[in-house]
**Student:** 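I have a structure I would like to understand better, so I am pasting it below and will then ask my questions one at a time.
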Amino acid sequence: MTTPTRRDLPPRYEAAVVEPSIYERWLASGAFTPAAEPPADAERFVIIMPPPNVTGALHNGHAVFVTLEDTMIRYHRMRGDDTLWLPGVDHASIAAQFVLDRIIGEEGETRASLGRERYLERMWQFMDETRGVIGRQMHRLGASADWTRGRFTMDPISARAVRVAFKRLWDAGLAYRGEALVNWCPRCRTTISDLENVHRDETGTLWTVRYHLIGPDGEASLDETISVATTRPETILGDTAVAVHPDDARYRALVGREALIPIVNRRVPIIADPAVERAFGTGAVKITPAHDFDDYEMGKRHGLPMVSVLDEDARITEVGGDLAGMDRYDARSEVVARLEAAGDLAGSREHPMVIGHCDRCGTVVEPRLSVQWFIRAGPLAERALASVREGRTRIIPDHQEKVYAHWMENIHDWAVGRQLWWGHRIPAWYCPDGHITVSDAEDGPDACAACGLPSAELTRETDIFDTWFSSGLWPFSTMGWPDDTPDLRRFYPTSVMETGPDILFFWVARMMMLGLFCTDVEPFHTVYLHGIVRGEGGVKMSKTKGNVVDPLEVVEQIGADALRFALVTGTSPGMDQRLTAAKLDGGRNFTNKLWNATRFVLGARPEPAGEPEGEPTLAERWIASRLSGAQERATRQLDALDMSGYAGSAYDFAWSEYCDWFIEMAKVELRREDATPGERERVWRVAADGLAGMLRILHPLMPFVTEQAWSFLHEADPRATDGEPLLVSAAWHAGGRRDDASESAVDALVDLVRGLRHLRTETGVPAGEWRHLVVVAADDRAAATLEDGRRYLEALARGRPVEVLPAGSASARPAGVVTSSLGAAWYAADDESPEAAARRDAQADHLRRGIERLRALLANSSFTERAPAAVVERERGRLAELEAQLRQLDG
RNA sequence: GGGCGAUUGGCUCAGCUGGUUAGAGCGCACGGUUCACAUCCGUGAGGUCACUGGUUCGAAUCCAGUAUCGCCCACCA
């Protein structure tokens, strides 16, 4: 792979050629790895990369976080901070098993046919194949993470942190095991958390069913019935009561009697409970405590039996008699059919409802009664909430703090066990007497903690942890916690947690809770939530819609810098963004612009290089000052994490100031026939310094093109790069002295040039034609500025000759006159056209309207008395300026 | 059912704690091929800042309400 030499640069930036070799250079330089010792007095800036799923392929979500985090890290690295960006991948137990199950399925195997041990062997083999893939894809995006510290949530270091953290939770009484109703996915065959149970609006059927009451003779009455409504008739098999509201007159007499549950012929009590909504359905509810969260609570209140009728595959259990073994939906139809046959189906109608689905596989989730491990979330949430409330951790955008708070305030205990194989096994051991021993030792406990029975007699828990448990420890488990390692001391707590709002609860909240519990400190001081990337028209990207933009393909075509620029520009934290072809084109064009600005500077190098001589011209003083301003702005915006603002202002400086105006003025100086080699050298160095400054500003966002340009510049003149061969490790410049006089002088000249160009366009003067240009200075100071800028006026307004007259001269103005704060200007010939007169009249009208408006404003005493003095003063100045211009227009 | 967010030229978005004549990119119109770049340069047209009311000398910006769209949370059969 060869990169172009500076002598023969193509006019197009060739990303596919440049970028891989640049990345190699960075890796070889070791720039991404923190020095052995932190620099003295350095601030710390640490980001823990959100670990992508080990099985996943790079998508735009990754591209967004890589871009944002890389930009932050590169900025702080250039600032000389003690910087670490720590990458890793997540074992994603449920997602990984989902993928592997499919793969072994193609090989004719199943989880059951392999068994736990062989399945896990197969999984590790799969991990070896996929583990490095996404990291290498991130290289193409320019991710400057410290790959030497790459972590995996299944590494021994993480495994130990999981054991220790859980042991501490257990010892603190914040972990417990108990029977409860949990969300169960019959396809994944595991418990899932509330968060993984996603609700969707659906239309179901609401059946009304008659239950026969038990008569005084102890037999089911034929005519005495109570009707209940249900959307899940199959759960009738597990009914253990019928409930009515205690104040419901319709049913008061029935409370205390019994009803007969059809098919299973179970006699159940009719109970009264205020949770029953009288207005819904028939006002009487069938109670299935083992399969419904409301019913479960009611069952506990009334001491009802809890009968499980669905097994782990959501098939009917033996409780269902001859329905046993039937799938839940087949059973539903069968139950309905039998009720109908028996004449006990009172009706059915469509019913809008919300149904929980498994986040991973989409299967309808069943509430299922089982013995599970839980984390007691309340006390943990309290601290995590206080951290944000009291400002020790800040969430951007800040309105997300309310969302976070609401969740923390209403938190449920976390069902943390999973009936899966791939993941961290819960370190709990059971002895035959029912004692539980939790151990953080790698080999488990020596003996039962309660009765001392030796470990050989104990059996280990087979459940594993929810993936998010190990993820919740990520900010410190990656640094060697619980050991007091040098990395932990040096890099923890971290700085910014940058991630998507969709995992605020899954991940950010858990990191806060577990981080505070384990380390007594907030794991990061800022949470930055980016928006979701959508496609054209604001549509969510999906493979089925075919509107997926593959970031790697984009990188291949137009380069990572273009993609990164497109992903940051015009976005706002937490707000969804659209990645459109037009936006990508914009990024590509800007990258190319930078490339060509570099080509200009390199091509303009005087040969041989001499020593600079002479005083800096207006253009030189101006660009130095504007660069300073751009540096200051970029610094402020990056410090405030205003990534889009930074991208925008850097773009404006590079394109609208450096390229559009400075380069054009520099050409004038460099190509002047009477310029000495020393003067040319002086101008070139300013141009080179300006380019270097621009590259420094843009490097965090667009590392590749800036690095390549920097290396050419370094080759051309190491003084321009402060002798630093690699931009990645060059210093950030935060901006300094401004030169207000040059800035306003050039602003005024630019204004005048624009007016003249407008005039030319309106009056149809061919763009390339040279015209005799007359400028009458507004005052002595303007005259001096015009003298300074004479050469620029000549080139930029195509004036030849340019005649600068002192203030007060040439009283008669032709039609084609334009004014600016510097004075009045016109082309000496062809200036009496109707178009020119129209242009002058329009300008005069415009000035008069402005003057009127300002006069009225300043005549308003409530304005002059109540507005701040500075504002009033500014308006007065504007009025004076407009009045002066109007006088200039008339001569 | 609760909570949050959005609404600015044809499109995509800026607009910080209220202060000129509301900006940019794309698109559009017109003009431009010698010396960095046509992935470019120049010029221009195009907006009563969703609506109603309020606060203020002054509101796209602050407050209240309305409408439309979007997102999140929620165990009513």
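Just so it is clear: chains get the letters A, B, ... in the order the sequence lines come, proteins before strands, and each one is counted from 1.
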**Student:** Find the partner of B:A6: check Watson-Crick (N1-N3 plus N6-O4 or O6-N4) and G-U wobble (N1-O2, O6-N3) distances, both under 3.5 Å, and reply none if neither fits.
**Tutor:**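 The answer is B:U68, by the H-bond criterion.
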**Student:** If you look at every strand shown and take non-hydrogen atoms under 4.0 Å, does A:Ala597 touch a base, only sugar-phosphate, or nothing?
**Tutor:**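 Base: the residue A:Ala597, judged by heavy atoms under 4.0 Å, touches a nucleobase.
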**Student:** Across the strands shown, which category fits A:Lys593 at heavy-atom distances under 4.0 angstrom: base, sugar-phosphate, nothing?
**Tutor:**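 If one applies the 4.0 Å heavy-atom cut-off, A:Lys593 turns out to touch a base.
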**Student:** Which part of the nucleic acid does A:Tyr296 contact within heavy-atom distance under 4.0 Å: base, sugar-phosphate only, or nothing?
**Tutor:**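 A:Tyr296: no heavy atom of the nucleic acid under 4.0 Å.
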**Student:** If we take the C1' atom in both B:A60 and B:G31, what is their distance in whole Å?
**Tutor:**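 After rounding to an integer number of Å, I get 35 Å for this pair.
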**Student:** So A:Arg878, base contact, sugar-phosphate only, or nothing? Heavy-atom distance under 4.0 Å.
**Tutor:**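 The answer is base, as A:Arg878 lies within the cut-off (heavy atoms under 4.0 Å) of a base atom.
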**Student:** 5'-most contact on RNA chain B: A:Leu206 or A:Leu857, nearest heavy atom basis?
**Tutor:**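 Going by which nucleotide is closer to the 5' end, it is A:Leu857.
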**Student:** For atom P, what is the distance between B:G23 and B:U66, given to the nearest Å?
**Tutor:**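 The answer is 33 Å between these two P atoms.
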**Student:** What's A:Asp660 touching, base or sugar-phosphate or nothing? Going by heavy atoms closer than 4.0 Å.
**Tutor:**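 Touches sugar-phosphate only.
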**Student:** Taking atom types as modelled, find out whether A:Ser193 and A:Glu196 have a side-chain donor-acceptor pair closer than 3.5 angstrom.
**Tutor:**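 Side-chain D/A pair, A:Ser193 to A:Glu196: present.
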**Student:** Report yes or no: is the cationic atom of A:Arg12 (NZ for Lys, CZ for Arg) closer than 6.0 Å to the six-membered ring centre of A:Trp595, at no more than 45° off its axis?
**Tutor:**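 Cation-pi check for A:Arg12 and A:Trp595: fails.
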**Student:** Touch check for A:Pro868, heavy atoms < 4.0 angstrom, all strands: base, sugar-phosphate only, or nothing?
**Tutor:**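 Base: the residue A:Pro868, judged by heavy atoms under 4.0 Å, touches a nucleobase.
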**Student:** For the residue pair A:Thr591 / A:Asp561, report whether a side-chain donor-acceptor contact shorter than 3.5 Å exists.
**Tutor:**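 No pair is found: no donor N or O on one side chain lies under 3.5 Å from an acceptor on the other.
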**Student:** Closest to the A:Ala867 side chain: B:C71, B:U39, B:G19?
**Tutor:**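 Side chain of A:Ala867 sits closest to B:G19.
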**Student:** Respond yes when some side-chain nitrogen or oxygen of A:Asn589 is under 4.0 Å from OP1 or OP2 of B:C40, and no when none is.
**Tutor:**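 Answer yes for this pair, as a side-chain N or O of A:Asn589 is under 4.0 Å from OP1 or OP2.
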**Student:** I need the OH-P distance between A:Tyr13 and B:U39, as an integer number of Å.
**Tutor:**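 After rounding, the gap between these two atoms is 18 Å.
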**Student:** Any strand counts, and the cut-off is 3.5 Å on both contacts for Watson-Crick or G-U wobble. Which nucleotide pairs with B:G23?
**Tutor:**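 Looking at the geometry, B:G23 pairs with B:C13.
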**Student:** Rounded to whole angstroms, how far apart are CD1 on A:Ile287 and P on B:C76?
**Tutor:**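 Rounding to the nearest Å, CD1 of A:Ile287 and P of B:C76 are 14 Å apart.
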**Student:** Using the P atom as the reference point in each nucleotide, state the distance between B:G70 and B:U17 in Å, no decimals.
**Tutor:**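 So the two P atoms sit 28 Å from each other.
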**Student:** Is it true that the side chains of A:His302 and A:Asp273 contain a donor and an acceptor less than 3.5 Å apart?
**Tutor:**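 There is such a pair between these side chains.
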**Student:** Which listed nucleotide (B:A77, B:G5, B:U43) is nearest to the side chain of A:Thr761?
**Tutor:**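 Nearest to the side chain of A:Thr761 among the choices is B:U43.
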**Student:** Taking atom P of B:G25 as reference, at what distance in whole Å does atom CG of A:Leu584 sit?
**Tutor:**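 Those two atoms, CG and P, are 18 Å apart.
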**Student:** Report the nucleotide, chosen from B:G25, B:C4, B:U39, that has the shortest atom-to-atom distance to any side-chain atom of A:Tyr651.
**Tutor:**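 When the side chain of A:Tyr651 is considered, B:G25 is the closest of B:G25, B:C4, B:U39.
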**Student:** When you get a sec, tell me which of B:A36, B:C26, B:A77 is the closest nucleotide to the side chain of A:Lys667?
**Tutor:**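 Among B:A36, B:C26, B:A77, the one nearest the side chain of A:Lys667 is B:A36.
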**Student:** Any base atoms under 4.0 Å from A:Trp207, or only sugar-phosphate, or nothing? Heavy atoms, all strands.
**Tutor:**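 Since no nucleic acid heavy atom lies under 4.0 Å of A:Trp207, the category is nothing.
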**Student:** Taking only the P atom of each, what is the distance from B:G15 to B:G5 in whole angstrom?
**Tutor:**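 It works out to 16 Å between them.
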**Student:** What is the distance from CG of A:Asn596 to P of B:U39, rounded to the nearest Å?
**Tutor:**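 Going from CG in A:Asn596 over to P in B:U39 covers 11 Å.
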**Student:** Please work out if A:Ile663 contacts a base, only the sugar-phosphate, or nothing of the nucleic acid, heavy-atom cut-off 4.0 Å.
**Tutor:**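 A:Ile663: base contact, heavy atoms under 4.0 Å.
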**Student:** Side chain of A:Phe505, heavy atoms from C-beta onward: which of B:A36, B:A74, B:C72 has the nearest atom to it?
**Tutor:**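 In terms of side-chain proximity for A:Phe505, the closest of B:A36, B:A74, B:C72 is B:C72.
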**Student:** Checking side-chain polar atoms at under 3.5 Å, does A:Asn183 have a donor or acceptor matched by the opposite partner on A:Asp194?
**Tutor:**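 On atom types as modelled, these side chains qualify, holding a pair under 3.5 Å.
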**Student:** Taking atom types as modelled, find out whether A:Ser649 and A:Gln637 have a side-chain donor-acceptor pair closer than 3.5 angstrom.
**Tutor:**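 Their side chains do contain a donor-acceptor pair, which is all the 3.5 Å distance test asks for.
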**Student:** Quantified in whole Å, what is the P atom distance between nucleotide B:A67 and nucleotide B:C51?
**Tutor:**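 Looking at atom P only, B:A67 and B:C51 are 16 Å apart.
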**Student:** Does a donor on one side chain sit under 3.5 Å from an acceptor on the other, for A:Tyr827 and A:Glu769?
**Tutor:**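 No, no side-chain donor-acceptor pair sits under 3.5 Å.
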**Student:** Both distances under 3.5 Å, Watson-Crick or G-U wobble: report the partner of B:A29, or none.
**Tutor:**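 B:A29 is paired, partner B:U43.
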**Student:** At under 4.0 Å between heavy atoms, what does A:Arg232 touch on the DNA or RNA strands: base, sugar-phosphate, or nothing?
**Tutor:**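 Answer is nothing: A:Arg232 stays at 4.0 Å or more from every strand.
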**Student:** Tell me the interatomic distance from A:His406, atom NE2, to B:C72, atom C1', rounded to whole angstroms.
**Tutor:**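 These atoms are roughly 10 Å apart.
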**Student:** Just compare B:C40, B:U43, B:C37 and give me whichever is closest to any side-chain atom of A:Pro11.
**Tutor:**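 Nearest to the side chain of A:Pro11 among the choices is B:C37.
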**Student:** Take A:Met694 and A:Glu657 through the side-chain contact (heavy atoms from CB on, under 4.5 Å) test and state the conclusion after the steps.
**Tutor:** CA-CA 11 Å; A:Met694 185 171 98; A:Glu657 298 188 2; over 6 Å; no
**Student:** Mind checking A:Arg754 for me? I need base, sugar-phosphate or nothing, with any heavy atom below 4.0 Å counting as a touch.
**Tutor:**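 The residue A:Arg754 makes sugar-phosphate contact but no base contact.
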**Student:** When you compare B:G9 with B:G46, how far apart are their C1' atoms, in angstrom units rounded to a whole number?
**Tutor:**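 Rounded to whole Å, the distance is 6 Å.
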**Student:** Closest to the A:His399 side chain: B:A77, B:C37, B:G5?
**Tutor:**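 The closest nucleotide is B:G5.
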**Student:** Determine whether A:His245 and A:Glu277 satisfy the following criterion, side-chain contact (heavy atoms from CB on, under 4.5 Å), listing intermediate values before the conclusion.
**Tutor:** CA-CA 7 Å; A:His245 194 278; A:Glu277 186 65 53; over 6 Å; no
**Student:** Need one value for A:Asn860: base, sugar-phosphate or nothing, where a base atom within 4.0 Å counts as base even if backbone is also close, heavy atoms only.
**Tutor:**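 Result for A:Asn860 = sugar-phosphate.
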**Student:** Report, one pair per line, the protein and nucleotides 11-14 of chain B atoms (nitrogen or oxygen only) whose separation is under 3.5 Å.
**Tutor:**
from, atom 1, to, atom 2, distance (Å)
B:U12, OP1, A:Arg578, NH1, 2.9
B:C13, OP1, A:Arg578, NE, 3.4
B:C13, O3', A:Gly570, O, 3.4
B:C13, O2', A:Gly570, O, 3.3

**Student:** Do the side-chain N and O atoms of A:Asn596 and A:Tyr13 include a donor-acceptor pair separated by under 3.5 angstrom?
**Tutor:**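 No, because no side-chain N or O of A:Asn596 sits under 3.5 Å from a partner of the opposite role on A:Tyr13.
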**Student:** So A:Glu664, base contact, sugar-phosphate only, or nothing? Heavy-atom distance under 4.0 Å.
**Tutor:**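 Base contact.
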**Student:** Per the atom types in the model, does the base of B:U43 pair as donor or acceptor with the side chain of A:Arg757 at under 3.5 Å?
**Tutor:**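 Side chain to base: no pair present.
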**Student:** C1' atom, B:G47 versus B:G3: distance in rounded Å?
**Tutor:**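 About 33 Å, rounded to a whole number of Å.
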**Student:** Can you tell me if A:Arg588 touches the phosphate of B:U39, counting only side-chain N or O atoms and a distance under 4.0 Å to OP1 or OP2?
**Tutor:**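 For B:U39, OP1/OP2 do not have a side-chain N/O of A:Arg588 under 4.0 Å.
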**Student:** Calculate the interatomic distance between A:His530 atom NE2 and B:G5 atom C1'; express it in whole Å.
**Tutor:**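 That distance rounds to 17 Å.
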**Student:** Over how many whole Å does the gap from A:Phe506 atom CZ to B:C73 atom P extend?
**Tutor:**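 Atom-to-atom, A:Phe506 to B:C73, this comes out as 8 Å.
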**Student:** Rounding to an integer number of Å, can you tell me how far A:Asp273 CG sits from B:A77 P?
**Tutor:**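 About 16 Å, once rounded to whole Å.
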**Student:** Classify A:Arg874 by what it touches in the nucleic acid, base, sugar-phosphate, or nothing, heavy-atom distance under 4.0 Å.
**Tutor:**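 It contacts sugar-phosphate atoms only.
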**Student:** Under a 3.5 Å cut-off for both contacts, is B:A74 paired Watson-Crick or G-U wobble with anything, and if yes, with which nucleotide?
**Tutor:**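 Because no pair has both required distances under 3.5 Å, B:A74 counts as unpaired.
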**Student:** Using ring centroids (six-membered ring only for Trp), state whether A:Phe565 and A:Tyr651 fall under 6.0 Å.
**Tutor:**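 Centroid separation for A:Tyr651 and A:Phe565: below 6.0 Å.
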**Student:** Is the NZ or CZ atom of A:Arg633 positioned over A:Tyr646's six-membered ring, under 6.0 angstrom from the centre and within 45° of the axis?
**Tutor:**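 The answer is no, since A:Arg633 fails at least one limit relative to A:Tyr646.
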**Student:** Taking for each residue the nucleotide of RNA chain B bearing the nearest heavy atom, is the 5' side occupied by A:Trp655 or by A:Asn197?
**Tutor:**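 Here A:Trp655 is the residue nearer the 5' end.
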